[in-house]
Amino acid sequence: ADRVAVTPGGWTVGTATGDVHVDVGDAGVTAESVRALDARPEAPLAAELQARFQGAFGPGHTSAFVDVGQLLAELEQPRQIPGLDAARLVTVQGFTMAFAQQLTSVGTAFLDLEPKGRRIAVRGALTLRQKSPQ
């Protein structure tokens, strides 16, 4: 992050691709990017994840999903981001991809915590992918 500014109810993080506003309130934590990356199509992500994981990512849930396979596939694609040196960006992409490929065999990871009275229901799933040869 280039800079961080505290705002009422949260903070703003300045990055090379634009500001990200994070608000913390009674309803939860929200993050909003002022500028979307042009190459990213919009998608109803919350609805898709709720359907895929049977209610996770809904009200009252604390949920997380990481798709390492998708990350690796996207890192293989050359990118141009205004304000970033193309040579440095390619170098960082290559380093990150090599690191992730060697570090883990995880394809996807999912975790959901849901309050159930005085208890918490925990659900999770982990898929593996074939690790790259060293």
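Numbers here simply count residues along the sequence, with the first being 1.
For the atom pair CD (Q102) and CE (M97), the distance works out to 11.0 Å, reported to the nearest 0.5 Å.
Evaluation of the ring-ring contact (aromatic ring centres under 6.0 Å, His included) test over residues 71-96, restricted to residues two or more places apart or in two chains, returns none. Screening residues 91-101 for salt bridge (Lys or Arg N to Asp or Glu O under 4.0 Å), with sequence neighbours left out, gives no hits.
With sequence neighbours excluded, the residues satisfying side chain to side chain contact (heavy atoms under 4.5 Å, CB included) with T62 are L113. With sequence neighbours excluded, no residue satisfies side chain to side chain contact (heavy atoms under 4.5 Å, CB included) with T91.
Linking Ile, Leu, Val, Met, Phe, Trp and Tyr residues whenever their side-chain heavy atoms come within less than 4.5 Å leaves V106 and L49 in two separate clusters.
Looking at E114, its side chain never comes within 3.5 Å of a backbone N or O of S63 through a donor-acceptor pair. Proximity of a side-chain donor or acceptor of S105 to a complementary backbone N or O of L128 within less than 3.5 Å is not detected.
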Could you go through V68 and L72, starting from their C-alpha distance and side-chain angles, then the distance that decides it, and tell me whether this counts as side-chain contact (heavy atoms from CB on, under 4.5 Å)?
CA-CA 6 Å; V68 177; L72 293 172; 4.1 Å; yes
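With a 4.5 Å cut-off on side-chain heavy atoms, T104 and R129 count as touching. Contact of the D67 side chain with the L71 side chain is not registered, since no non-hydrogen atoms from C-beta on lie closer than 4.5 Å. Between F110 and R52, every side-chain heavy-atom pair lies at or beyond the 4.5 Å cut-off.
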Output side-chain donor-acceptor pairs under 3.5 Å for residues 116-126, partner residues at least two apart or in another chain, one line each.
residue : atom : partner : partner atom : Å
R123    : NH1  : F53     : O            : 3.3
R123    : NH2  : F53     : O            : 2.8
R123    : NH2  : D112    : OD2          : 3.4

